[in-house]
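Count residues from 1 along the sequence. Computed over heavy atoms, backbone and side chain alike; hydrogens, waters and symmetry mates excluded.
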Amino acid sequence: MDAKTYNAQLAELRALRDDIKKTQATLAKLETDRARQITALAGYEKAKAERIAPAAGLSLADIVAIAPILAPDQLTNPAPAAPTGVAVEPPEPARETAPPSGPEPAQEQVPSRAGTVAPAMTRPALEPAAEPEPPAAPSAPRPAPTPVTAAPLSAHGAQRTLPGIPEGPDGDRWFAHTANLASTHPNFTQQARSTVFLDTRTGVLVHRDQTFRIDLPTAGAGEILNAVFHVLPDGVERIYITAGAPWHRQADQHPFLKDTVAAWLNAPTPGWRTDTGRGKDRMAGHFVHPRNPVGRYQREHGEQHVEIRSAGEWFDTDGADPAVIRDAFVLLWKALRRYWPDAVLMGSPSQTGRDLWTRTIPTKGQYADGYPVLSEELRGLFHATAGQGRTELITPPHVPAQLPALVEYDRTFAYAKHTWKSGVGTPRRVTAATFASWSQKEQTKALFACGHWHVRATVPHTWTHIGILPAPAPGDRAWHYPATPGTTFTTWAGGPEIHTALSNPHTPWKIEILDGILFDDGKPLDDWSKKLKEAWSSLTAQADLNGDPDQRTAAHLAARAVRALLLYGIGAFAQRPRTVTGTTPRTMERDVPPDAEIIGFDDQTITWQRPTGFTRDPNAHPEWAAHIWSSARAALLSQRHRDDNTYAGALHAPPGTIVAFRTDAVYLTQPQPWPHHSQPGDYLNKGHLPGPITAPTTEDELLTLRDRGRAAHHATPTPEGA
C-alpha cells in the first residue's frame, strides 16, 4: 500500500465513521421512542409483558426493565448477597411531649444499643438547639390499595450495583483527606464583568440604563457578537440571552438538542475565535448544554473576551422584558451586598453561590486553615452512591387510570431547610461489626450525626404505600424506590431517610447496617445559608408589596435567583467527575484526543468530549451535598410542622393517591391540609387540575398536566393548604 492509497482509505474510513455516528443517533432516538411506547402500553390495565415483548422485538426481561409494573407478581429479585449487617429495629411507640424550640432537622429519632432504635425522646447533647421530635402518630386505618411498584422517569437498561468500601487496610486508606487541598477564605476580590441583556427574538438590547434595537436575521453567535460590539464599541464581557434561545433555531436539522447547540457554538464567527481563557476565575472553551449553553469567545486580534450565556441559568425568564431582567440582577446584587460587601455576580449561580460561601469560611478558630477535601476514593464513592432529587412517576394500576384530580405541592426554597448541619473533620469508617460493638450512646450519636450508610433494606410484607429508600435502577445515574412488599435490596442512604424508613406512620422497615462513613457535626454552611435566606425573604417581600408590576416581577425573579444560588451552589459541592468538551477542525482531525468521544460534526468542525476525572477542586465537598439531598428526600415523605402540631409529606397522604415526585414537588390525586407559612421547606399548593384526568404515563404527559394545573389554580385560587 502506498501513501496515496493509505490516505484515500483513511478518507473512506472517516466517511464511514460519520455515517455510523448519524445512524447511531437515529437508532438511539428510535430506541427512546420505543421505550416511551412500552411505558404507555404498560398503563393499560390488562397489559402483559408476554404480548409486548415480541411486538417490541425485546426479551421479557428487557420489557420489565423498561416498565417494572409489568413484572409478574411472583417474581422477586432480592439484592445480591452482601456482608452480614446489624439489624436496626423500629422504634417503639412513644408518648407525645411538648415540642422544644429551636431549629431542627426534619427527621430524627434516637437509636439504642445492639443496633435497635429506642423509644427515648431526648438526643445526646451534641446540638442543644436542635432537639428531636416525636415520631408521627400512626394514620387512621385505610383500605389497602394495590402495593406501589414505580419506576423512575425514563430509566431502562441493565441493573446497576452500587460500589462499596474495600475490606481491611485498602478501604481504611480511603478515610483521609487529600493532601494540601482545602476550602479557604479567598484573599482576593472578584472583578465585576460588564454585562448586557439581549432578546434575540425582538433584537432588544439593554446595557445599564440604555436600550438599543439590533438586527439579528440568523442570531448566530458571530452575528450577535458583531452586532453588540457595533452599538457598544467599548465592548462588554458577558451577554445574557433573555429570550429566543438562538442555539435551538436549527433543532430540526439534528437528532438531539445537544448536537444543535454544539453546531451553533462552533459555527464560524468572523473576527472571533474560541476563548482560551485568562485569569483564575475564567473558564476556557465552550460549554455544550442542551438548554443553557455557554459560548466563550475572544477577538482574533485583540484582548477582548466575551461570554454568551442564558439568563435561564438563574431563573425562568417567563417572557420578561430585558430591562426587567436587568433590574432583577440589580436587585439581586443589592440584596447580596447587605451581607457580602464584596459580592460580585459571576456568570452562573453555581459559581456565584460557591464564591459567596468561600467568603463565609472563618479566618479564626478551628477551621481557620479551611475545610479539607476528602480523598478522591471517597469523593468517587459519594458520586456513585448519593443521588439528588427524587424523580418518579407512578402509573396505573397503582393509581387510577382516570385521576379524580392532579394536585401539585412544591416545597418552598426546600434545600435551605437542611443546611443547618453538615459533616466536618476526618471521616471515620463504621463497619457492621464496629456498629454492633458500640454502646447505646455511641450508636445514638452515630445514627444522628452526619453520615452515609451502606444498608440492606426490606420492604414490609404488609406495605401498601410508596417506596422510601433510593436504590440503583437501570441507567447510568438512575434511581428508583422499591415498594413491592417483601423486596430486599442493598443501597446507600443518609440518616434522615433511614429514620423515615424506621419511624414512618405506617409500618417500620427492616434495616441492616453493612458499613458506614461517619463525620463530626459542624456548621460550615449555616452562615452562608442564613444570609441567603434573609436575602430571599427580603426580595420575596418586595415582590409581594411593590406597586409597580415590572418591579414586582424583577423582585420575584431576583428571589428566584437567590434560590438558584443555594440550589446550584450545593450542587457544585458534589463535584462530579469532569468532562471536557472541545472542537477540532476537520482538516486536523488527527489532533482529536485518542480517548475522546465524538459527539458531533459538520463539514468544518468535529466536536468531542472526554472524561478527565476529579480535578483538584479546593471546594469539593460531596459529603455536604449528599446530606442535604438525603434530608430533602426524606422531608418530601414526612416533615413535622411544630407550630401547627401536624405533619406533611407523601407518607401522610392516603396510599394510592401519590402520582409523581419531581425533586421538591409531589403530585397527588386529592388536596391535603398541609400548612404553608412562606417559610423554607413549607409545602405550597401550586397547581390543581380537576378531573377526571387520564393518568400520565410519561414525563411529557405529566409536565403538560402540571402546566394546565398551574394555570387552572392561578385562574381560580383555592384557600391556602386546600
Side-chain angles (χ1 to χ4, degrees), residues 193-254 257-278 282-315 317 319-326 328-329 345-348 581 583 600 602 604-605 607:
R193 308 292 184 194
S194 177
T195 303
V196 298
F197 302 89
L198 173 64
D199 183 334
T200 59
R201 297 175 307 178
T202 63
V204 173
L205 175 72
V206 175
H207 178 236
R208 298 179 181 172
D209 59 350
Q210 296 178 293
T211 300
F212 307 90
R213 188 174 294 274
I214 60 179
D215 187 27
L216 299 171
T218 66
E223 187 178 74
I224 290 172
L225 291 169
N226 291 321
V228 169
F229 276 76
H230 177 73
V231 299
L232 297 169
D234 291 337
V236 296
E237 295 179 276
R238 186 175 295 136
I239 301 171
Y240 277 121
I241 306 299
T242 64
W247 37 79
H248 290 165
R249 287 199 175 187
Q250 296 181 337
D252 58 339
Q253 300 180 20
H254 302 272
L257 274 181
K258 198 168 185 179
D259 294 335
T260 305
V261 171
W264 187 87
L265 290 170
N266 295 307
T269 50
W272 299 85
R273 60 181 173 83
T274 302
D275 197 351
T276 54
R278 63 186 174 93
R282 193 73 181 208
M283 299 293 289
H286 304 315
F287 174 60
V288 181
H289 186 278
R291 293 177 303 281
N292 298 314
V294 181
R296 299 183 177 98
Y297 303 92
Q298 181 180 355
R299 280 282 194 191
E300 285 186 346
H301 305 289
E303 291 300 319
Q304 288 175 316
H305 300 252
V306 62
E307 290 182 330
I308 300 178
R309 310 188 72 113
S310 168
E313 290 183 83
W314 292 84
F315 41 68
T317 58
D321 186 84
V324 173
I325 294 175
R326 173 208 55 198
F329 276 86
L345 298 184
M346 302 174 70
S348 70
T581 302
T583 59
D602 55 31
Q604 289 80 34
T605 306
T607 304

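Under the side-chain hydrogen bond (donor to acceptor under 3.5 Å, both in side chains) criterion, Thr200 pairs with no residue at all, not counting sequence neighbours. Every residue two or more places apart in sequence or in another chain was checked for a side-chain hydrogen bond (donor to acceptor under 3.5 Å, both in side chains) with Arg291, and none qualifies. Residues passing the side chain to side chain contact (heavy atoms under 4.5 Å, CB included) test with Arg273 are Thr276, Gln298, Glu300, sequence neighbours excluded. Residues meeting the side chain to side chain contact (heavy atoms under 4.5 Å, CB included) test with Ala221, sequence neighbours left out: Trp264, Thr269, Tyr297, Ile308. In terms of the salt bridge (Lys or Arg N to Asp or Glu O under 4.0 Å) criterion, Glu223 has no residue partners (sequence neighbours excluded). Here Ser348 pairs with Arg309, Glu313, Ser350, Gln351 under the side chain to side chain contact (heavy atoms under 4.5 Å, CB included) rule; sequence neighbours left out. The side-chain hydrogen bond (donor to acceptor under 3.5 Å, both in side chains) test applied to Asp321 returns no partner, not counting sequence neighbours.
Residues in residues 199-212 take part in these salt bridge (Lys or Arg N to Asp or Glu O under 4.0 Å) pairs, two or more places apart or across chains: Asp199-Arg201. Sorted by first and then second residue, the ring-ring contact (aromatic ring centres under 6.0 Å, His included) pairs with a member in residues 195-228 read Phe197-Tyr240, Phe197-Phe329; sequence neighbours excluded.
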Check residues 224-236 and write down every donor-acceptor pair under 3.5 Å in which the side-chain atom is one partner and the other belongs to a residue at least two apart or another chain.
residue, atom, partner, partner atom, Å
Asn226, OD1, Trp272, NE1, 3.1
Asn226, ND2, Gly222, O, 3.0

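Between the side chain of His301 and the main chain of Gly271, no donor-acceptor pair closer than 3.5 Å is present.
Closest approach of Gly347 and Arg238 over heavy atoms only: N-NH2, 3.4 Å. The heavy-atom pair separating Ala323 from Val206 by the smallest distance is N-CG2, 3.7 Å.
The side-chain hydrogen bond (donor to acceptor under 3.5 Å, both in side chains) with Asp275 is formed by just one residue from the set Arg296, His305, His286; it is His305.
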